[in-house]
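Structure first, then comments.
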Amino acid sequence: MKKIQIINGPNLNLLGKREPAVYGSTAFETYLAELRGGYPECEISYYQSNIEGELINKIQETGFDYDGIILNAGAYTHTSIALHDAIKGVNTPVVEVHISNVHAREAFRHVSMISAACRGVILGFGLDSYRLAIESFL
Ligand code: DQA
């Protein structure tokens, strides 16, 4: 059984309602049920917080015994050196994901403070970005 932790950052609790033209109209919990069904060989845990320090706490908590962390840090992607340091400080590989293609959007989304600390980056495939990240751990 592979242990995978999905961590969603700020405003991602609003998926399904928030800017549906950019992020789609599916709530994350609905998608998560599908994802879990597709990977019975994985134990997929899910955590969301709007608070930067809580995201760091979750990375530290799971970053020594999980097989993989999938992190969508939302807007903290573009600002947080503290998240970069947290990712570097743990043993579990972290894959950065984004629902939208951030490079096709505003210039401030083109920079990621966390990519260099991550094993890889998957972006622009809608919610399917999370499934592709799981595949990367298998
Ligand atoms: C996002 C992209 C970020 O720029 C934005 O702040 C988000 C969501 C994405 O999944 O496309 O909150 O991480």
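All values derive from a computational prediction rather than experimental measurement. Atoms within each ligand, like the ligands themselves, are counted from 1 in listed order.
- Residue contacts with ligand 1: Asn11 is excluded, as none of its non-hydrogen atoms falls under 4.0 Å.
- Here the heavy atom of the protein found nearest to atom 1 (C) of ligand 1 is His98 ND1, 3.7 Å.
- A donor and an acceptor atom, one from each side chain of Thr62 and Gln5, are nowhere located under 3.5 Å apart.
- By the 4.5 Å heavy-atom criterion applied to side chains, Asp67 and Phe137 are not counted as neighbours.
- Backbone and side-chain nitrogen or oxygen atoms of Ala75 are examined, and one is located within less than 3.5 angstrom of a nitrogen or oxygen of ligand 1.
- Atom 11 (O) of ligand 1 has its closest protein heavy atom at Ser100 OG, 2.6 Å.
- Ligand 1 does not have Thr77 within reach: every non-hydrogen atom of the residue lies 4.0 Å or more from it.
- Side-chain contact between Leu55 and Pro10 is present, with at least one heavy-atom pair separated by less than 4.5 Å.
- Screening residues 28-37 for side-chain hydrogen bond (donor to acceptor under 3.5 Å, both in side chains) gives no qualifying pairs among residues at least two apart or on separate chains.
- Contacts of Lys88 classified as side chain to side chain contact (heavy atoms under 4.5 Å, CB included), with partners at least two apart in sequence or in another chain: His84, Ala117.
- Atom 9 (C) of ligand 1 has Ile99 N, 3.3 Å as its closest protein atom, hydrogens excluded (heavy atom only).
- For the pair Arg18 and ligand 1, a heavy-atom separation below 4.0 Å is found.
- For a threshold of 3.5 Å applied to N or O pairs, the pair formed by Arg109 and ligand 1 contains at least one separation below that value.
- Protein heavy atom in closest approach to atom 2 (C) of ligand 1: Val102 CG1, 3.6 Å.
- Remark: Tyr46 OH is packed, more than 12 non-hydrogen atoms of other residues, nucleotides or ligands lying under 6.0 Å away.
- Classification of the His103-His110 ring pair by plane angle, with boundaries at 30° and 60°, yields tilted.
- Residue-ligand proximity, His78 to ligand 1, at heavy-atom distances under 4.0 Å covers atoms 3 (C), 4 (O).
- Atom 7 (C) of ligand 1 has Tyr23 OH, 3.5 Å as its closest protein atom, hydrogens excluded (heavy atom only).
- Using modelled atom types and a 3.5 Å distance limit, the side chains of Tyr66 and Glu43 yield no donor-acceptor pair.
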